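Bear in mind the structure is a predicted one, so any value in this text is a computation, not a measurement. Residue numbers start from 1 in every chain, and the chains themselves are labelled A, B, ... in the order their sequence lines are given, proteins ahead of strands.
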There are 4 protein chains.
Amino acid sequence: MKKLFFLSVVILLLAFKQQNKIKVLFFGDSITQAGVNPGGYIMRIDSMSKQQGINKYEFIGAGIGGNKVYDLYLRLDKDVLAKNPDVVIMYVGVNDVWHKSSSGTGTDADKFEKFYQAIIDKLKEKNIKVILCTPAAIGEKTDFSNSQDGDLNEYSKIIRKLATKNALSIIDLRKSFLAYNLKNNPDNKDRGTLTTDRVHLNAKGNQLVADEMWKLIQTY
Amino acid sequence: MKKLFFLSVVILLLAFKQQNKIKVLFFGDSITQAGVNPGGYIMRIDSMSKQQGINKYEFIGAGIGGNKVYDLYLRLDKDVLAKNPDVVIMYVGVNDVWHKSSSGTGTDADKFEKFYQAIIDKLKEKNIKVILCTPAAIGEKTDFSNSQDGDLNEYSKIIRKLATKNALSIIDLRKSFLAYNLKNNPDNKDRGTLTTDRVHLNAKGNQLVADEMWKLIQTY
Amino acid sequence: MKKLFFLSVVILLLAFKQQNKIKVLFFGDSITQAGVNPGGYIMRIDSMSKQQGINKYEFIGAGIGGNKVYDLYLRLDKDVLAKNPDVVIMYVGVNDVWHKSSSGTGTDADKFEKFYQAIIDKLKEKNIKVILCTPAAIGEKTDFSNSQDGDLNEYSKIIRKLATKNALSIIDLRKSFLAYNLKNNPDNKDRGTLTTDRVHLNAKGNQLVADEMWKLIQTY
Amino acid sequence: MKKLFFLSVVILLLAFKQQNKIKVLFFGDSITQAGVNPGGYIMRIDSMSKQQGINKYEFIGAGIGGNKVYDLYLRLDKDVLAKNPDVVIMYVGVNDVWHKSSSGTGTDADKFEKFYQAIIDKLKEKNIKVILCTPAAIGEKTDFSNSQDGDLNEYSKIIRKLATKNALSIIDLRKSFLAYNLKNNPDNKDRGTLTTDRVHLNAKGNQLVADEMWKLIQTY
């Protein structure tokens, strides 16, 4: 009888625990879309958590290739709020800058900030915890001679300002990628250190992003 | 006593009439911003209505230079809904196309449609009547050799599609401007017939827009 | 002895004929680069000439992907003049327009004309016959709603003006492609009628270009 | 009689001196075009030379607004070689980068190098001494967050490489401007320290350029 009671308690606790899994949603562009592929940064975070015997998180990928900040805004209800996440990690900005030259449809800096803030507002309204990321790179050269370095630096400053203004955590991938390249890219190559093609992450890039995010996720 | 009663009735009627004025709001970019200047198309509509002794409309300009469709979206609550208009005339699209080449921050065609629809949805929700306009011109040459003619034609098709889909009235300025230029611009000049600078309206351009809009406004 | 004499004469005649072959060089971008592939327009011209038993032409492909008018200018000496062609068919303009939106490095209309004229001057100086072509298409929609239609029309007008000014033959591919699509593309699709991808030629596109060119080449 | 002889000698010497003046030509864009205005950098160099009693140089402005490297190439014969300069100071690159975003007609990096080299070749062929300059700035922020910083750094590297490869002197304005701003622009403003509008030189900017150039000119 006692045993049975004990078992029920365990079952109840497990069920409770299941219900209480912290949903972490990754909201972004093609980099995040690839994050759920084998070797992708979201898969790596999932593996790391399991290796460490930590079972309290559920990880949800919500990345779509080519997305800019206002694409995230337009699909926020459907792809994020509808899934009731506890934590949302926003990783956006590369296409807002890149599309300026690749299709003439980048995002003005002031509109980037407005839509980014509008997303933060909607997430906070639902008591969702928000983590911001700066856009890591379009080109890995370390002497600021990648075409879009000026804009990436500016848009990263906007994101840092938004983090401060809204009292949010930030993962400063732009800084981490530069620091890593300064050490590991002595020939000033534009790809191959953390990216395959100047933008999308290779194994080392995915691991770096996973490490930075996992460190912060565990504080929730 | 009788006089006093009569006076009250008149006052009441006036107040009633005042309350019942149909608010027509013009929502757009620099072309609409200039519409409230002397000689601007909104001023012309106001004058025409007064000359015809029609006093039931109130005209509200809500144009801001450089605005694209998502700028309209971002300021919809503050600049439109807060003013409780009965009718909103949307006149946008030039900058969505133009900014592609002038600053690399034009609007993708599919996002143009999404934000446009989102504005229509919010206006309809408040039972506001919506009138759409196609973007008239960036250059007045009539042989489709103005740089942005391809995109202006495409974005105009999107607006026509939205009008049909949402069962809304449309003022097809792009067609009207072309028709007018085919008659009045035999030397195929890129400005000077209806615009001063390929985009912004001269007196004739303002009058043409005023005429087209006034014709439709009177049906409300 | 007589036979030997006869044979020598034949050999001499063949040699003479060989020397007298009219060298036709195709100078252009990726469309022309693909022209020497199986099924490409240059290969088709070569086949047609052989089928008709016409053996007096030698066809030389000189197309390089991504080339704009000033790329042709920069490699004129090495890739054209060094080969002593009798006739040069210039087919350029698509990238001058397209690169405006795809990389921000299109060619200004006035510079397009200057470099085009500079190439004509250098070819004429060597008594090379020059045939001009207008850029066929970036998108096959027939209602001028392909993004670059405005510019393609404008740059085609420049090429037509250059043909007139320099008294040169012109193959107006832009007109031919539009005419063909008006007949054969009733659904207003942007690709698939004469191109595979809005720009590069499918079998029908290669044949149309080959037909137009072959007609004109035979007059030399 | 003696007097007359003396006078002739003086006249001859003056004529001789006149003939022997070292012609320094400034070849560039709107920044150089403004250089011949009162307060412009060329006027300042002229004033400095006169104040120092140095009379052996003749300064010729040859700047045209909006010019890119291939504009310089196209007008090299007429505007430079026809004037038989001894020294040519090339100051170009801002528009090659800027026009990418402002009109979609910037210059590809590899073409920038090719046309730049072609100009150097033509100048060297005439035994003209060539001095290169890096493009100073499009925006004066010192943390590499000006939109075009990436490209300006890259194109400056190309010019430095060309200087080395061709054994030419270089005035590295990009480095000088950054160094000056690091000292004198503590608020990280994008204009107002050396430029009026992020690009065109104010009094201090003109003086800085004049100083750097005058230092080098005197070695000829």
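Between D/Ile64 and D/Asp79, some side-chain heavy-atom pair lies under the 4.5 Å cut-off. Looking at heavy atoms from C-beta onward, A/Ile31 lies in side-chain contact with A/His200 at the 4.5 angstrom threshold. With contacts defined as side-chain heavy-atom distances shorter than 4.5 Å, the pair A/Met48/A/Gln207 qualifies.
D/Asn202 places a side-chain N or O within donor-acceptor distance of the main-chain N or O of D/Lys204, the cut-off being under 3.5 Å. With hydrogens and angles ignored, the 3.5 Å screen pairs no side-chain donor or acceptor of A/Asn67 with any backbone N or O of A/Asp29. In terms of modelled atom types and a separation under 3.5 Å, the side chain of A/Asn188 and the main chain of A/Thr142 share a donor-acceptor contact. Judged by distance alone, with hydrogens and angles left aside, the side-chain atoms of D/Asp71 form a donor-acceptor pair with the main-chain N or O of D/Lys68 at under 3.5 Å.
Tested against A/Trp214 for a ring pair (Phe, Tyr, Trp, His ring centres under 6.0 Å), the candidates A/Tyr57, A/Tyr220, A/Tyr41, A/Phe26 yield a single pass: A/Tyr57.
Taking 4.5 Å as the heavy-atom cut-off, the residues of residues 88-122 of chain A that approach chain D are A/Lys100, ordered by number. Proximity to chain D at a heavy-atom threshold of 4.5 Å picks out A/Phe144, A/Ser145, A/Asn146, A/Ser147, A/Asp149, A/Gly150, A/Asp151, A/Asn153, A/Glu154, A/Lys157 from residues 144-179 of chain A, in numerical order.
Considering all non-hydrogen atoms of both residues, D/Cys133 and D/Met213 come closest at SG-CE, 3.7 Å.
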